[in-house]
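Here's the structure we're looking at; comments come further down.
Keep in mind that what you see is a predicted model, and the values were worked out from it rather than measured. Numbered from 1 within each chain, the chains take letters A, B, ... in sequence-line order.
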Amino acid sequence: MIQKPKGTYDLYGENSKKWLYIKSLIKNICETYNYNYIKTPTFERSELFHRGVGDSTDIIRKETYDFKDRSNRDMSLRPEGTAGVVRSYIENKMYNEQIIKQYYIGSNFRYERPQSGRFREHTQFGIEVFGSDSPIIDAEVISIPVLLFKMLGLKGIKVKINTLGDEESSSDYKKALIEHFKPKINELCEDCINRLDINPLRILDCKVDSGNQLLKKAPRTIDYLNPDSENYFKRVLDYLDLLEIEYEVDPKLVRGLDYYTHTIFEIQADIEGLGSQNTLCGGGRYNNLVETLDGPETPGIGFGMGLERLLLALDKENIDLLKNNNIDAFVIGIGNTKEETFKITNMLRVNGFKTDMDYFGKNISSSFKQADKYNSKYIIIVGEEELKSDKVIVKENNKDAQELIKIEELINYLDEKIEN
RNA sequence: GCGAGUAUGGUGAAGUGGUUAACACGGUAGAUUGUGGUUCUAUUAUGCGUGGGUUCGAUUCCCACUACUCGCCCCA
(Lines give C-alpha, C1' and ligand atoms only; values in the text may rest on other atoms or scores of the structure.)
Protein backbone atom coordinates (compact mmCIF):
# COMPACT_ATOMS: atom_id res chain seq x y z
CA MET A 1 0.00 0.00 0.00
CA ILE A 2 1.28 3.44 -0.88
CA GLN A 3 1.34 5.78 2.09
CA LYS A 4 1.36 9.52 2.30
CA PRO A 5 4.76 11.19 2.51
CA LYS A 6 6.13 11.76 5.98
CA GLY A 7 4.93 14.94 7.60
CA THR A 8 1.84 15.32 5.40
CA TYR A 9 -1.79 14.62 6.16
CA ASP A 10 -5.13 14.04 4.44
CA LEU A 11 -7.87 16.52 5.21
CA TYR A 12 -11.35 14.95 5.28
CA GLY A 13 -14.45 14.40 7.39
CA GLU A 14 -15.09 16.79 10.26
CA ASN A 15 -11.65 18.34 9.98
CA SER A 16 -12.27 19.56 6.47
CA LYS A 17 -15.46 21.27 7.67
CA LYS A 18 -13.50 23.07 10.37
CA TRP A 19 -10.87 23.93 7.80
CA LEU A 20 -13.34 25.52 5.42
CA TYR A 21 -14.97 27.37 8.27
CA ILE A 22 -11.67 28.95 9.30
CA LYS A 23 -10.85 29.80 5.73
CA SER A 24 -14.15 31.57 5.26
CA LEU A 25 -13.66 33.43 8.52
CA ILE A 26 -10.22 34.55 7.32
CA LYS A 27 -11.68 35.63 4.02
CA ASN A 28 -14.37 37.67 5.73
CA ILE A 29 -11.96 39.37 8.09
CA CYS A 30 -9.53 40.23 5.31
CA GLU A 31 -12.32 41.69 3.22
CA THR A 32 -13.38 43.78 6.20
CA TYR A 33 -9.89 45.23 6.36
CA ASN A 34 -9.91 45.67 2.57
CA TYR A 35 -7.12 43.21 1.81
CA ASN A 36 -6.99 41.52 -1.57
CA TYR A 37 -6.35 37.80 -2.13
CA ILE A 38 -3.12 36.84 -3.85
CA LYS A 39 -1.89 33.45 -4.98
CA THR A 40 1.69 32.88 -6.01
CA PRO A 41 3.33 29.67 -7.26
CA THR A 42 4.00 26.82 -4.87
CA PHE A 43 7.52 26.58 -6.27
CA GLU A 44 9.91 29.30 -7.32
CA ARG A 45 13.48 29.68 -8.50
CA SER A 46 15.64 28.63 -5.56
CA GLU A 47 17.52 31.89 -5.77
CA LEU A 48 14.46 33.84 -4.68
CA PHE A 49 14.49 32.17 -1.28
CA HIS A 50 18.26 32.30 -0.91
CA ARG A 51 18.28 36.03 -1.47
CA GLY A 52 14.92 36.78 0.11
CA VAL A 53 14.75 34.63 3.20
CA GLY A 54 18.52 34.60 3.69
CA ASP A 55 21.33 32.10 3.27
CA SER A 56 22.14 32.13 6.97
CA THR A 57 18.72 30.91 8.09
CA ASP A 58 18.08 27.32 9.10
CA ILE A 59 15.07 27.30 6.79
CA ILE A 60 17.26 27.82 3.74
CA ARG A 61 20.34 25.98 4.91
CA LYS A 62 18.70 22.69 5.80
CA GLU A 63 14.98 22.66 5.29
CA THR A 64 14.09 23.47 1.70
CA TYR A 65 12.74 20.98 -0.81
CA ASP A 66 15.05 21.59 -3.76
CA PHE A 67 14.86 20.02 -7.17
CA LYS A 68 15.95 20.56 -10.72
CA ASP A 69 13.27 20.79 -13.35
CA ARG A 70 13.61 19.11 -16.73
CA SER A 71 15.49 22.10 -18.09
CA ASN A 72 17.95 21.80 -15.24
CA ARG A 73 16.80 24.95 -13.44
CA ASP A 74 17.14 25.08 -9.66
CA MET A 75 13.71 25.19 -8.07
CA SER A 76 12.45 25.07 -4.49
CA LEU A 77 9.07 24.40 -2.99
CA ARG A 78 8.37 27.58 -1.10
CA PRO A 79 9.32 27.34 2.58
CA GLU A 80 7.44 30.53 3.49
CA GLY A 81 5.04 32.95 1.89
CA THR A 82 6.62 36.36 1.89
CA ALA A 83 9.38 35.98 -0.70
CA GLY A 84 6.97 34.90 -3.45
CA VAL A 85 4.56 37.71 -2.72
CA VAL A 86 7.38 40.24 -2.85
CA ARG A 87 8.60 38.76 -6.13
CA SER A 88 5.11 39.09 -7.52
CA TYR A 89 4.84 42.67 -6.26
CA ILE A 90 7.97 43.61 -8.14
CA GLU A 91 7.34 41.55 -11.27
CA ASN A 92 3.81 42.89 -11.70
CA LYS A 93 4.89 46.43 -10.92
CA MET A 94 2.35 46.79 -8.17
CA TYR A 95 4.49 49.64 -6.84
CA ASN A 96 2.59 51.89 -9.20
CA GLU A 97 -0.07 51.87 -6.51
CA GLN A 98 0.81 53.75 -3.38
CA ILE A 99 -0.30 50.98 -1.04
CA ILE A 100 -0.93 47.29 -1.68
CA LYS A 101 -2.61 45.16 1.00
CA GLN A 102 -2.79 41.45 0.27
CA TYR A 103 -3.49 38.12 1.97
CA TYR A 104 -2.76 34.56 1.00
CA ILE A 105 -3.52 31.05 2.16
CA GLY A 106 -1.25 28.34 0.88
CA SER A 107 1.11 25.45 1.47
CA ASN A 108 4.66 25.84 2.65
CA PHE A 109 7.22 23.04 2.67
CA ARG A 110 10.04 22.44 5.09
CA TYR A 111 12.08 19.28 5.37
CA GLU A 112 11.98 18.77 9.13
CA ARG A 113 11.22 15.93 11.50
CA PRO A 114 7.49 16.10 12.03
CA GLN A 115 5.93 16.27 15.46
CA SER A 116 2.81 17.60 17.06
CA GLY A 117 1.91 20.88 15.35
CA ARG A 118 4.69 20.58 12.80
CA PHE A 119 4.45 19.22 9.28
CA ARG A 120 6.57 19.02 6.18
CA GLU A 121 3.72 20.53 4.23
CA HIS A 122 1.80 23.05 6.26
CA THR A 123 -0.58 25.83 5.42
CA GLN A 124 -0.07 29.45 6.24
CA PHE A 125 -2.49 32.28 6.17
CA GLY A 126 -0.49 35.45 5.79
CA ILE A 127 -0.81 39.07 4.87
CA GLU A 128 1.69 41.45 3.31
CA VAL A 129 1.39 45.23 3.05
CA PHE A 130 3.61 47.25 0.74
CA GLY A 131 4.14 50.96 0.42
CA SER A 132 3.50 52.36 3.86
CA ASP A 133 5.97 52.97 6.66
CA SER A 134 3.27 54.29 8.96
CA PRO A 135 3.17 52.69 12.40
CA ILE A 136 -0.59 52.57 11.95
CA ILE A 137 -0.01 49.75 9.49
CA ASP A 138 2.09 47.85 12.03
CA ALA A 139 -0.76 48.05 14.52
CA GLU A 140 -3.32 47.14 11.85
CA VAL A 141 -1.36 44.09 10.77
CA ILE A 142 -1.07 42.86 14.34
CA SER A 143 -4.74 43.53 14.98
CA ILE A 144 -5.86 41.10 12.27
CA PRO A 145 -4.71 37.84 13.86
CA VAL A 146 -5.75 39.18 17.22
CA LEU A 147 -9.28 39.69 15.90
CA LEU A 148 -9.31 36.25 14.26
CA PHE A 149 -8.32 34.53 17.50
CA LYS A 150 -10.88 36.54 19.39
CA MET A 151 -13.66 35.62 16.95
CA LEU A 152 -12.71 31.98 17.26
CA GLY A 153 -12.95 32.27 21.03
CA LEU A 154 -9.32 31.36 21.63
CA LYS A 155 -8.13 32.24 25.12
CA GLY A 156 -4.61 32.54 26.47
CA ILE A 157 -3.30 34.51 23.52
CA LYS A 158 -0.16 36.54 24.04
CA VAL A 159 1.26 39.14 21.64
CA LYS A 160 5.02 39.47 21.97
CA ILE A 161 6.68 42.39 20.26
CA ASN A 162 10.15 43.75 19.77
CA THR A 163 12.00 45.99 17.39
CA LEU A 164 15.27 45.60 15.52
CA GLY A 165 15.30 49.24 14.50
CA ASP A 166 16.53 50.48 11.17
CA GLU A 167 19.71 49.30 9.49
CA GLU A 168 21.95 51.58 11.51
CA SER A 169 20.44 50.52 14.82
CA SER A 170 20.50 46.81 14.13
CA SER A 171 24.06 46.87 12.84
CA ASP A 172 25.17 48.74 15.97
CA TYR A 173 23.31 46.19 18.00
CA LYS A 174 24.87 43.23 16.23
CA LYS A 175 28.32 44.66 16.88
CA ALA A 176 27.49 45.07 20.55
CA LEU A 177 26.26 41.50 20.71
CA ILE A 178 29.41 40.13 19.13
CA GLU A 179 31.55 42.14 21.53
CA HIS A 180 29.52 40.85 24.41
CA PHE A 181 29.61 37.18 23.47
CA LYS A 182 32.99 36.78 21.79
CA PRO A 183 35.23 36.72 24.89
CA LYS A 184 33.19 33.98 26.54
CA ILE A 185 31.74 32.24 23.51
CA ASN A 186 33.02 28.87 24.68
CA GLU A 187 30.55 28.91 27.53
CA LEU A 188 27.76 28.57 25.02
CA CYS A 189 26.51 25.60 23.05
CA GLU A 190 28.00 24.53 19.77
CA ASP A 191 25.15 25.98 17.76
CA CYS A 192 25.61 29.35 19.40
CA ILE A 193 29.32 29.37 18.59
CA ASN A 194 28.37 29.01 14.94
CA ARG A 195 25.66 31.60 15.24
CA LEU A 196 28.11 34.24 16.42
CA ASP A 197 29.44 34.58 12.88
CA ILE A 198 26.33 33.75 10.92
CA ASN A 199 23.66 35.62 12.84
CA PRO A 200 24.44 36.65 16.43
CA LEU A 201 20.83 37.68 17.00
CA ARG A 202 19.81 34.06 17.05
CA ILE A 203 21.92 33.35 20.13
CA LEU A 204 19.27 35.22 22.12
CA ASP A 205 16.71 32.73 20.89
CA CYS A 206 18.71 29.69 21.98
CA LYS A 207 16.89 27.43 24.38
CA VAL A 208 19.94 25.42 25.38
CA ASP A 209 21.64 28.49 26.79
CA SER A 210 18.56 30.31 27.94
CA GLY A 211 19.62 30.00 31.58
CA ASN A 212 23.13 31.28 30.96
CA GLN A 213 24.08 34.55 32.67
CA LEU A 214 25.78 35.66 29.48
CA LEU A 215 22.40 35.73 27.78
CA LYS A 216 20.66 37.39 30.65
CA LYS A 217 23.20 40.19 30.68
CA ALA A 218 23.28 40.51 26.91
CA PRO A 219 22.71 43.94 25.41
CA ARG A 220 19.10 44.67 24.53
CA THR A 221 17.82 45.80 21.18
CA ILE A 222 15.95 48.70 22.63
CA ASP A 223 19.16 50.16 24.10
CA TYR A 224 20.76 50.45 20.69
CA LEU A 225 17.99 52.18 18.80
CA ASN A 226 18.73 55.49 17.21
CA PRO A 227 16.16 58.21 17.95
CA ASP A 228 14.17 57.61 14.76
CA SER A 229 13.87 53.88 15.40
CA GLU A 230 13.01 54.38 19.03
CA ASN A 231 10.36 56.89 18.17
CA TYR A 232 8.90 54.59 15.53
CA PHE A 233 8.61 51.70 17.96
CA LYS A 234 6.92 53.93 20.55
CA ARG A 235 4.33 55.00 18.02
CA VAL A 236 3.60 51.39 17.10
CA LEU A 237 2.99 50.61 20.75
CA ASP A 238 0.82 53.73 21.10
CA TYR A 239 -1.37 52.58 18.24
CA LEU A 240 -1.68 49.13 19.77
CA ASP A 241 -2.79 50.82 22.99
CA LEU A 242 -5.27 52.83 20.99
CA LEU A 243 -6.78 49.60 19.65
CA GLU A 244 -6.70 48.15 23.17
CA ILE A 245 -4.51 45.27 22.09
CA GLU A 246 -2.53 43.79 24.94
CA TYR A 247 1.09 43.03 24.23
CA GLU A 248 4.35 42.27 25.94
CA VAL A 249 7.59 43.90 24.83
CA ASP A 250 10.21 41.17 24.73
CA PRO A 251 13.69 42.56 23.99
CA LYS A 252 14.98 39.04 23.38
CA LEU A 253 12.46 38.21 20.70
CA VAL A 254 14.18 37.52 17.39
CA ARG A 255 12.98 35.74 14.29
CA GLY A 256 14.48 33.07 12.11
CA LEU A 257 14.27 34.94 8.83
CA ASP A 258 16.86 37.50 7.80
CA TYR A 259 14.69 40.12 6.17
CA TYR A 260 13.15 41.78 9.19
CA THR A 261 13.67 45.38 10.24
CA HIS A 262 11.95 47.44 12.94
CA THR A 263 8.84 45.79 14.36
CA ILE A 264 8.85 42.03 14.86
CA PHE A 265 6.16 40.10 16.68
CA GLU A 266 4.90 36.66 17.59
CA ILE A 267 1.54 35.58 18.84
CA GLN A 268 1.65 32.64 21.18
CA ALA A 269 -1.09 30.50 22.61
CA ASP A 270 -0.61 29.57 26.21
CA ILE A 271 -2.42 26.27 25.87
CA GLU A 272 -1.54 23.02 27.54
CA GLY A 273 -0.50 20.35 25.12
CA LEU A 274 0.85 22.61 22.41
CA GLY A 275 4.34 22.28 23.81
CA SER A 276 7.03 24.24 22.06
CA GLN A 277 4.83 24.52 18.99
CA ASN A 278 2.86 27.30 20.64
CA THR A 279 3.70 30.09 18.23
CA LEU A 280 0.60 30.48 16.10
CA CYS A 281 1.65 33.55 14.22
CA GLY A 282 4.86 35.41 13.53
CA GLY A 283 5.82 38.38 11.46
CA GLY A 284 7.29 41.81 11.22
CA ARG A 285 8.42 44.67 9.08
CA TYR A 286 10.82 44.21 6.16
CA ASN A 287 11.65 47.61 4.78
CA ASN A 288 14.63 46.43 2.72
CA LEU A 289 13.30 43.24 1.21
CA VAL A 290 11.75 44.69 -1.95
CA GLU A 291 15.03 46.40 -2.75
CA THR A 292 17.01 43.24 -1.95
CA LEU A 293 14.97 41.46 -4.60
CA ASP A 294 15.66 44.15 -7.20
CA GLY A 295 12.55 46.25 -6.71
CA PRO A 296 12.28 49.92 -5.83
CA GLU A 297 12.84 50.95 -2.24
CA THR A 298 9.52 50.01 -0.62
CA PRO A 299 8.55 49.46 2.98
CA GLY A 300 6.68 46.25 3.76
CA ILE A 301 5.22 44.32 6.66
CA GLY A 302 3.43 41.02 7.11
CA PHE A 303 2.90 37.87 9.09
CA GLY A 304 2.37 34.16 8.63
CA MET A 305 0.00 31.99 10.61
CA GLY A 306 0.01 28.19 10.70
CA LEU A 307 -3.51 26.90 10.17
CA GLU A 308 -2.75 23.34 11.33
CA ARG A 309 -1.41 24.74 14.55
CA LEU A 310 -4.41 27.01 14.95
CA LEU A 311 -6.75 24.05 14.47
CA LEU A 312 -4.74 22.08 17.02
CA ALA A 313 -5.00 24.93 19.52
CA LEU A 314 -8.77 25.15 19.01
CA ASP A 315 -8.98 21.41 19.50
CA LYS A 316 -7.04 21.50 22.75
CA GLU A 317 -9.34 24.26 23.98
CA ASN A 318 -12.41 22.22 23.00
CA ILE A 319 -13.71 24.98 20.80
CA ASP A 320 -16.37 23.57 18.52
CA LEU A 321 -16.45 25.12 15.08
CA LEU A 322 -19.24 22.90 13.78
CA LYS A 323 -22.22 24.21 15.70
CA ASN A 324 -24.25 24.84 12.56
CA ASN A 325 -23.28 21.64 10.90
CA ASN A 326 -26.56 20.42 9.49
CA ILE A 327 -28.54 20.15 6.29
CA ASP A 328 -31.96 21.63 5.57
CA ALA A 329 -33.74 18.59 4.27
CA PHE A 330 -33.38 14.85 3.80
CA VAL A 331 -35.61 13.21 1.22
CA ILE A 332 -36.81 9.66 1.75
CA GLY A 333 -38.59 7.70 -0.95
CA ILE A 334 -41.03 4.95 -0.16
CA GLY A 335 -42.13 2.38 -2.66
CA ASN A 336 -41.42 2.88 -6.31
CA THR A 337 -40.63 6.59 -6.15
CA LYS A 338 -36.93 6.76 -6.87
CA GLU A 339 -37.31 9.13 -9.81
CA GLU A 340 -39.59 11.54 -7.94
CA THR A 341 -37.33 11.44 -4.88
CA PHE A 342 -34.31 12.37 -6.94
CA LYS A 343 -36.27 15.06 -8.77
CA ILE A 344 -37.54 16.68 -5.58
CA THR A 345 -34.07 16.52 -4.04
CA ASN A 346 -32.72 18.28 -7.09
CA MET A 347 -35.50 20.90 -6.96
CA LEU A 348 -34.59 21.71 -3.35
CA ARG A 349 -30.89 21.95 -4.15
CA VAL A 350 -31.45 24.20 -7.15
CA ASN A 351 -33.38 26.49 -4.84
CA GLY A 352 -30.52 26.69 -2.40
CA PHE A 353 -31.55 24.21 0.28
CA LYS A 354 -28.80 21.97 1.62
CA THR A 355 -30.37 18.64 0.77
CA ASP A 356 -29.49 14.98 0.69
CA MET A 357 -31.47 11.82 -0.04
CA ASP A 358 -31.46 8.09 0.49
CA TYR A 359 -29.61 6.52 -2.43
CA PHE A 360 -29.94 2.91 -1.36
CA GLY A 361 -33.67 2.30 -1.17
CA LYS A 362 -33.25 1.30 2.43
CA ASN A 363 -36.12 0.75 4.79
CA ILE A 364 -37.61 3.80 6.43
CA SER A 365 -36.00 3.12 9.73
CA SER A 366 -32.52 3.26 8.28
CA SER A 367 -33.34 6.34 6.24
CA PHE A 368 -34.45 8.19 9.33
CA LYS A 369 -31.21 7.24 10.99
CA GLN A 370 -29.32 8.65 8.06
CA ALA A 371 -31.32 11.89 8.27
CA ASP A 372 -30.39 12.15 11.93
CA LYS A 373 -26.77 11.63 11.18
CA TYR A 374 -26.83 14.59 8.83
CA ASN A 375 -28.69 16.59 11.44
CA SER A 376 -31.37 17.43 8.90
CA LYS A 377 -33.84 20.14 9.88
CA TYR A 378 -36.64 18.65 7.77
CA ILE A 379 -37.50 15.24 6.51
CA ILE A 380 -39.44 14.88 3.30
CA ILE A 381 -41.14 11.61 2.55
CA VAL A 382 -42.07 10.83 -1.00
CA GLY A 383 -44.72 8.12 -0.98
CA GLU A 384 -46.73 6.53 -3.77
CA GLU A 385 -50.07 7.37 -2.17
CA GLU A 386 -49.31 11.08 -1.72
CA LEU A 387 -47.81 11.41 -5.18
CA LYS A 388 -51.21 10.59 -6.67
CA SER A 389 -52.30 14.06 -5.54
CA ASP A 390 -48.86 15.63 -6.18
CA LYS A 391 -48.10 15.88 -2.50
CA VAL A 392 -45.28 14.88 -0.18
CA ILE A 393 -45.04 14.54 3.58
CA VAL A 394 -42.97 17.19 5.34
CA LYS A 395 -41.81 16.57 8.84
CA GLU A 396 -39.78 18.72 11.12
CA ASN A 397 -37.05 16.62 12.61
CA ASN A 398 -37.58 15.47 16.18
CA LYS A 399 -41.29 16.25 16.04
CA ASP A 400 -44.21 13.93 15.52
CA ALA A 401 -46.39 16.33 13.56
CA GLN A 402 -46.28 16.10 9.80
CA GLU A 403 -47.96 17.95 6.99
CA LEU A 404 -49.01 17.09 3.46
CA ILE A 405 -47.61 19.69 1.10
CA LYS A 406 -48.15 20.10 -2.63
CA ILE A 407 -44.86 19.67 -4.46
CA GLU A 408 -45.24 23.01 -6.20
CA GLU A 409 -45.64 24.71 -2.83
CA LEU A 410 -42.76 22.91 -1.16
CA ILE A 411 -40.14 25.59 -1.79
CA ASN A 412 -42.31 28.38 -0.40
CA TYR A 413 -43.26 26.26 2.58
CA LEU A 414 -39.65 25.49 3.52
CA ASP A 415 -38.59 29.06 2.78
CA GLU A 416 -41.00 30.34 5.37
CA LYS A 417 -40.19 27.68 7.92
CA ILE A 418 -36.42 27.97 7.67
CA GLU A 419 -36.48 31.78 7.60
CA ASN A 420 -38.01 31.77 11.05
C1' G B 1 20.68 16.19 12.20
C1' C B 2 20.11 13.95 17.59
C1' G B 3 17.11 11.15 21.34
C1' A B 4 12.81 8.11 23.21
C1' G B 5 8.49 5.21 22.43
C1' U B 6 4.78 2.46 19.56
C1' A B 7 3.08 -0.88 15.51
C1' U B 8 -3.43 -6.05 16.48
C1' G B 9 -10.48 -4.96 11.73
C1' G B 10 -13.28 1.32 9.47
C1' U B 11 -12.05 3.53 14.76
C1' G B 12 -10.52 3.09 20.17
C1' A B 13 -8.25 -0.83 22.02
C1' A B 14 -7.56 -6.07 25.34
C1' G B 15 -4.77 -10.46 24.88
C1' U B 16 -1.81 -15.34 24.39
C1' G B 17 4.46 -19.66 22.54
C1' G B 18 -0.34 -24.17 20.68
C1' U B 19 -7.48 -25.91 17.96
C1' U B 20 -12.97 -20.39 17.53
C1' A B 21 -8.01 -13.17 18.53
C1' A B 22 -11.89 -10.10 24.16
C1' C B 23 -14.73 -5.67 24.68
C1' A B 24 -16.59 -0.89 22.93
C1' C B 25 -17.83 2.43 18.96
C1' G B 26 -18.95 2.55 13.88
C1' G B 27 -21.12 -0.24 9.42
C1' U B 28 -24.85 -3.68 7.45
C1' A B 29 -29.41 -6.62 7.89
C1' G B 30 -33.65 -7.77 10.71
C1' A B 31 -37.56 -7.35 14.81
C1' U B 32 -40.86 -2.82 12.20
C1' U B 33 -42.29 -5.00 3.50
C1' G B 34 -45.48 3.43 4.91
C1' U B 35 -42.70 6.70 9.84
C1' G B 36 -37.02 7.23 13.05
C1' G B 37 -33.28 8.58 16.85
C1' U B 38 -34.29 4.01 22.64
C1' U B 39 -34.14 -1.32 22.80
C1' C B 40 -33.16 -6.30 21.15
C1' U B 41 -30.94 -10.00 17.59
C1' A B 42 -27.55 -11.38 13.84
C1' U B 43 -23.34 -10.01 11.13
C1' U B 44 -18.62 -7.26 10.55
C1' A B 45 -9.81 -9.19 11.29
C1' U B 46 -8.52 -17.01 7.19
C1' G B 47 -5.83 -11.75 10.58
C1' C B 48 -2.03 -9.19 14.75
C1' G B 49 3.45 -3.31 10.08
C1' U B 50 7.37 -5.82 6.31
C1' G B 51 11.42 -9.34 5.88
C1' G B 52 14.35 -12.90 8.23
C1' G B 53 15.67 -16.06 12.55
C1' U B 54 14.65 -19.36 17.08
C1' U B 55 10.86 -23.35 17.69
C1' C B 56 7.35 -29.36 16.45
C1' G B 57 4.48 -24.69 16.37
C1' A B 58 5.18 -17.36 16.41
C1' U B 59 0.43 -12.30 16.44
C1' U B 60 3.28 -13.45 21.06
C1' C B 61 10.58 -14.42 21.76
C1' C B 62 15.15 -12.36 18.87
C1' C B 63 17.27 -9.30 14.76
C1' A B 64 16.84 -5.97 10.74
C1' C B 65 13.89 -2.73 8.00
C1' U B 66 9.81 0.52 7.36
C1' A B 67 6.07 3.57 9.16
C1' C B 68 3.96 6.42 12.90
C1' U B 69 4.05 9.25 17.56
C1' C B 70 6.56 12.30 21.05
C1' G B 71 10.86 15.29 22.59
C1' C B 72 15.43 18.38 21.07
C1' C B 73 17.10 21.74 17.26
C1' C B 74 14.30 25.08 14.35
C1' C B 75 9.76 27.11 13.08
C1' A B 76 3.83 28.31 11.58
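- The aromatic rings of A:Y173 and A:Y224 lie tilted to each other, with the angle between the two planes from 30° to 60°.
- Rounded to an integer number of Å, the gap from A:K4 NZ to B:U66 C1' is 14 Å.
- Side-chain contact check for A:E266 versus A:C281: every heavy-atom pair is 4.5 Å or farther apart.
- Contacts of A:I364 with the nucleic acid, taken as non-hydrogen atoms under 4.0 Å apart, involve only primed sugar atoms and P, OP1 or OP2.
- A donor-acceptor contact under 3.5 Å is not formed by the side chain of A:Q115 with the base of B:U69.
- At a cut-off of 3.5 angstrom, counting only N and O atoms as typed in the model, there is no donor on one side facing an acceptor on the other between the side-chain of A:E112 and the base of B:G1.
- For A:K6 and B:C70, the NZ to P distance is 12 Å, given to the nearest whole Å.
- Among the atoms of the strands shown, none is found under 4.0 Å from any heavy atom of A:E266.
- For the pair A:Y260 OH and B:A76 P, the interatomic distance rounds to 6 Å; values are reported in whole Å.
- Side chain of A:I59, nearest nucleotide from B:C68, B:C75, B:U35: B:C75.
- Only the P atoms considered, B:C68 is 16 Å distant from B:U11, to the nearest whole Å.
- Side-chain atoms of A:L293 and A:R51, non-hydrogen and from C-beta on, do get closer than 4.5 Å to each other.
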Item to complete: Taking Watson-Crick and G-U wobble pairs with both distances under 3.5 Å, convert RNA chain B into its dot-bracket string, 5' to 3', dots for unpaired and | for cross-strand pairs.
Response: (((((((..(((.....[....)))((((((.......))))))....(((((..]....))))))))))))....
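- Considering all non-hydrogen atoms of both residues, A:K160 and A:L253 come closest at O-CD2, 3.6 Å.
- Distance check, rounded to the nearest 0.5 Å: CG of A:L410 to CG of A:D415 gives 10.0 Å.
- Between the C1' atoms of B:G27 and B:G9, the separation comes to 12 Å (whole Å).
- Rounded to whole angstrom, the span from the CZ atom of A:R120 across to the P atom of B:A76 amounts to 18 Å.
- Here A:F125 and A:F303 bring their ring centres to under 6.0 angstrom of each other.
- For B:C23 and B:A31, the P atoms lie 26 Å apart once the distance is rounded to whole Å.
- In this structure, the CG atom of A:L314 is 19 Å from the P atom of B:A76, given to the nearest Å.
- For the P atoms, the distance from B:G17 to B:G51 is 24 Å, rounded to whole Å.
- Interatomic distance, A:D258 CG to A:R202 CZ, rounded to the nearest 0.5 Å: 9.0 Å.
- Rounded to whole Å, the separation between the C1' atoms of B:U59 and B:U50 comes to 14 Å.
- Here A:K373 reaches the OP1 or OP2 of B:G27: one of its side-chain N or O atoms lies under 4.0 Å away.
- Both A:I393 and A:F360 lie near RNA chain B, and the one whose nearest nucleotide falls closer to the 5' end is A:F360.
- Note on A:K399: a base of the nucleic acid sits closer than 4.0 angstrom, heavy atoms only.
- Contacts of A:F125 with the nucleic acid, taken as non-hydrogen atoms under 4.0 Å apart, are absent.
- On the C1' atoms, B:U8 is 11 Å away from B:U60, given to the nearest whole Å.
- As rounded to whole Å, 10 Å separates atom C1' of B:G34 from atom CD of A:E384.
- Distance from the side chain of A:S116 is smallest to B:G71 among B:C74, B:A29, B:G71.
- Nucleotides B:C61 and B:U20, compared at atom C1', are 25 Å apart to the nearest Å.
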Practice prompt. Determine, stepwise, if the pair A:K377 / A:D328 fulfils salt bridge (charged side-chain N to carboxylate O under 4.0 Å, His left out).
Written response: CA-CA 5 Å; A:K377 284 181 207 152; A:D328 295 317; 3.1 Å; yes
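- A cation-pi arrangement is found for A:R120 relative to A:Y111, the charged atom lying closer than 6.0 Å to the ring centre and inside a 45° cone about the ring normal.
- Closest to the side chain of A:Q277, from the set B:U35, B:A76, B:C75, is B:C75.
- At B:G34, none of the side-chain N or O atoms of A:N363 fall inside 4.0 Å of OP1 or OP2 (strictly under the cut-off).
- In terms of position along RNA chain B, the nucleotide closest to A:K62 lies nearer the 5' end than the nucleotide closest to the other residue of the pair A:K62 and A:M305.
- As rounded to whole Å, 10 Å separates atom C1' of B:U39 from atom NZ of A:K369.
- For B:G9, the O4'-C1' to base torsion is within 90° of 0; the nucleotide is therefore syn.
- When heavy atoms are screened at a 4.0 angstrom cut-off, A:E63 is found touching the sugar-phosphate backbone but no base atom.
- With both ends at atom P, the span from B:U66 to B:A22 equals 34 Å, rounded to whole Å.
- A donor N or O paired with an acceptor N or O is found under 3.5 Å between the base of B:C75 and the side-chain atoms of A:R309.
- Atom CZ of A:R61 and atom C1' of B:C73 are 12 Å apart (whole Å).
- Nearest to the side-chain atoms of A:S366 among the listed nucleotides B:C75, B:A29, B:G34 stands B:A29.
- For A:R118 against B:C74, a side-chain-to-base donor-acceptor contact under 3.5 Å is present.
- In this structure, A:F330 has its ring center at least 6.0 angstrom away from the ring center of A:Y378.
- Contact of A:N397 with B:G36 (side chain to base): a donor-acceptor pair of N or O atoms is detected under 3.5 Å.
- Aromatic ring pairs are classed by plane angle as parallel below 30°, tilted from 30° to 60° and perpendicular above 60°; the pair A:Y232 and A:H262 is tilted.
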Restricting to nitrogen or oxygen on both sides, can you table the protein-nucleotides 2-4 of chain B pairs closer than 3.5 Å?
{"from": "B:C2", "atom 1": "N4", "to": "A:R113", "atom 2": "NH1", "distance (Å)": "3.2"}
{"from": "B:G3", "atom 1": "O6", "to": "A:R113", "atom 2": "NH2", "distance (Å)": "3.1"}

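- Using a 4.0 Å heavy-atom distance criterion, A:G126 is classed as making no nucleic acid contact.
- The two residues A:P251 and A:I222 make their nearest non-hydrogen contact at CG-CD1, 4.2 Å.
- Minimum atom distance to the side chain of A:H122 is reached by B:A76, of the listed B:U32, B:G34, B:A76.
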Practice prompt. Give the C-alpha distance, both sets of side-chain angles, the deciding distance and a yes or no for side chain to side chain donor-acceptor pair (under 3.5 Å) between A:E291 and A:T298.
Written response: CA-CA 7 Å; A:E291 218 180 336; A:T298 309; over 6 Å; no
